[in-house]
Amino acid sequence: MSLSAADDRLAARLPSGVLREIAPTYLEEPRGRVHGRAGLVAAPRDVEETAAIIRACAEAGVAVVPRGGGTGLVAGQIMSDGPAPLILSLERMSAIRDVFPSEGVMIAESGATLQQARDAAAQVGRQFPLSLASQGTAQIGGVLSTNAGGVNVLRYGNARALCLGIEAVLPSGQIMRDLKRLRKDNTGYDLRDLLIGAEGTLGVITAASLVMAPLPAENGVAMMQVADPEAALDLLALAQGRMAGGVTAFELISGQGLRFLRQHFPQIRQPFDDIPDWIALIEVGLPAGLGADAALEGLFAAGLESGLVSDGVIAQSGQQAAEMWGLREHIPLGNRAVGAIASHDISLPLSVIGQFIRDAQARLAQQGDMRINCFGHLGDGNLHFNLFPAEGRRREEYDDIRRDLSRMIHEMVVERGGSFSAEHGVGRLKAADLARWGDPVRVQAMRTIKQALDPAGIMNPGVIFPAG
């Protein structure tokens, strides 16, 4: 079915007061690579208005592009081709509807920011442990629709693991009310899990039942200098063995990223005067009576004795811990200041990460002179493997090989049993990659589901599956 543009005829069929001015912010994405278009922008106040908008679009054959905080990096929130769509913004549906402290559950609307959810949990002595650098802007609906990860996946899992139930509007305009607060519910197909990670292609999540986790009694943060990624992985295994589930986050930081920060953000204090090749950033959360600092000191001593660690710093205060995480969170800003040739959000089986990094470095050296900043959530196998111009060169000089470089990296990842999209989703930017490298039976099954739930193809066309 061919789609129609969102126009005044559709506007007349929408609930009163939902239309918004088409401001530039609705047509942008963080990296500025893609610019969208829209015929209308609608911001419903509740699920009934959301359903009415979707029904009107279904009847008129108008594409719907759901939009949360707009922080996605694969253009899932931006549609630049085809008839001008209706952008459905969840910004006005931002309430924390209810909190159940004894159950460890809250009910949050899709437009609530991740920070709002974290604050609501903190007010009742709990935590919503999903943590992203963009948590002040990223919204719950977008976080779930992309199955976002972040720094605490090692301990608490992706967004999917933190959601018990959802309320959603399907492409027909029907409302699925499944805001259960149950850990166990084996009553047929799990449509919650189907919509989580679907990137708005199967419907619009309007609210969710979210898990709140207990707060650890003892927290500790340290940075430890390691020789290479293999040593970092061995240190992770050592930490997990010694602390039995107490490791909250384990990040890998490369010397190249630290050099970018020293060049462009010299005011940020770094833990070592001489920048090492690799650092592991470790956070632990332990029960009462198990001192986090003592546990990290023991880990450092064991790592030193086994040759895994050569130097380290353990945060002695909350401020120092915040500074260590601030260093990690500024790495993407340092990258942006330099200007990447190509960025890759990849995941790999832990045991092949070190060899992959060496193989990729060797292959890239044959393609030209460039710098590599490899960093990320080593504990769950998710790396950000980003390429930058050599010193004194501009990224535009690599435009003729940029796509070939990304294809080479992704091929190497897939050959080793990894994924070319670890936590950012497929969106529009990686739809062709899924068609190229995805298991064909799996992709066909996904197409069948899409056709069954959205036969008119109005929900976020071009996302996951290439347009046309």
Side-chain angles (χ1 to χ4, degrees), residues 31 33 73-74 225-234 251-264 274-280 331-332 334-378 380-424 426-427 429-439:
R31 291 177 175 168
R33 294 181 178 178
L73 299 177
V74 289
Q225 185 174 325
V226 294
D228 50 39
E230 281 96 345
L233 285 167
D234 288 342
E251 298 285 300
L252 183 69
I253 299 174
S254 78
Q256 185 62 76
L258 298 177
R259 287 189 286 274
F260 286 164
L261 287 180
R262 183 160 289 180
Q263 178 183 357
H264 293 280
D274 296 324
I275 293 178
D277 289 335
W278 299 100
I279 291 176
I331 288 175
N335 289 348
R336 197 173 303 166
V338 177
I341 300 167
S343 301
H344 309 97
D345 164 44
I346 60 175
S347 62
L348 290 151
L350 296 186
S351 62
V352 306
I353 286 176
Q355 190 61 52
F356 164 80
I357 291 173
R358 286 193 296 274
D359 291 346
Q361 288 171 333
R363 290 278 299 275
L364 288 166
Q366 297 172 2
Q367 307 302 314
D369 190 13
M370 66 192 78
R371 293 174 288 179
I372 301 169
N373 185 12
C374 174
F375 68 102
H377 320 307
L378 186 65
D380 56 51
N382 177 192
L383 298 178
H384 302 295
F385 195 88
N386 300 341
L387 313 181
F388 296 86
E391 191 78 39
R393 298 185 65 184
R394 296 176 297 110
R395 63 177 175 177
E396 291 80 6
E397 298 176 42
Y398 300 80
D399 282 350
D400 58 334
I401 62 171
R402 179 172 60 86
R403 292 184 184 277
D404 292 336
L405 294 175
S406 288
R407 179 174 294 194
M408 183 187 77
I409 294 299
H410 287 161
E411 283 179 348
M412 293 179 69
V413 168
V414 173
E415 287 169 357
R416 290 160 175 78
S419 172
F420 59 83
S421 183
E423 64 177 356
H424 292 163
V426 175
L429 295 185
K430 295 186 177 181
D433 293 331
L434 179 62
R436 180 180 299 117
W437 288 302
D439 175 78

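- Within 6.0 Å of the CG atom in Asp400, the count of heavy atoms belonging to other residues, nucleotides or ligands exceeds 12.
- By the 4.0 Å N-to-carboxylate-O rule, Arg436 lies close enough to Asp433 to be salt-bridged with it.
- Using the six-membered ring where Trp is involved, His344 and His410 have ring planes that are perpendicular, over 60° apart on the 30 and 60° scheme.
- With sequence neighbours excluded, the residues that form a salt bridge (Lys or Arg N to Asp or Glu O under 4.0 Å) with Arg394 are Glu396.
- Summarising the geometry of Ser347 relative to Val413, their closest heavy-atom pair is O-CG1, 3.7 Å, with the distance given to 0.1 Å.
- Side-chain contact between Ile279 and Val226 is absent, with no heavy-atom pair separated by less than 4.5 Å.
- Leu258 and Pro276 make their closest contact through CD1-CD, 4.3 Å (heavy atoms, listed as atom of the first residue, atom of the second, distance).
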Steps toward side-chain contact (heavy atoms from CB on, under 4.5 Å) verdict (Trp278, Cys374) = CA-CA 10 Å; Trp278 299 100; Cys374 174; 4.2 Å; yes

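- Note that CD1 of Ile353 and CD1 of Ile346 are 8.0 Å apart. Values are rounded to the nearest 0.5 Å.
- Take Asp380 and apply the salt bridge (Lys or Arg N to Asp or Glu O under 4.0 Å) test, not counting sequence neighbours, and it matches no residue.
- A distance-only check finds a donor-acceptor pair linking the side chain of Asp345 to the backbone of His424 [under 3.5 Å].
- Not a single donor-acceptor pair under 3.5 Å links the side chain of Asn386 to the backbone N or O of Asn373.
- Judged by distance alone, the side chains of His384 and Ser343 never bring a donor and an acceptor atom under 3.5 Å apart.
- Screening residues 383-393 for salt bridge (charged side-chain N to carboxylate O under 4.0 Å, His left out), with sequence neighbours left out, gives Arg371-Glu391, Arg393-Glu397.
- With sequence neighbours left out, the side chain to side chain contact (heavy atoms under 4.5 Å, CB included) criterion links Ala360 to Phe356, Phe385, Ile409, Met412.
- Gln256 places none of its side-chain heavy atoms less than 4.5 Å from the side chain of Phe375.
- Heavy atoms only, all atoms of each residue included: Lys430 and Phe420 are closest at NZ-O, 2.8 Å.
- Under the 4.5 Å side-chain criterion, counting only non-hydrogen atoms from C-beta, Leu233 is in contact with Leu378.
- Listed by chain and number, the residues in a salt bridge (Lys or Arg N to Asp or Glu O under 4.0 Å) with Arg358 are Glu230 (sequence neighbours excluded).
- With sequence neighbours left out, the salt bridge (Lys or Arg N to Asp or Glu O under 4.0 Å) criterion links Asp359 to Arg416.
- In terms of heavy atoms, Ile341 sits closest to Pro389 at CD1-N, 3.6 Å.
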Could you walk me through whether Val426 and Val74 pass the side-chain contact (heavy atoms from CB on, under 4.5 Å) check?
-> CA-CA 6 Å; Val426 175; Val74 289; 6.0 Å; no

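- Scanning all heavy atoms of the two residues, the minimum distance from Ser419 to Ala422 falls at OG-N, 4.2 Å.
- Shown here for Gly354 and Pro229, the closest heavy-atom pair between the two residues is CA-CB, 4.2 Å.
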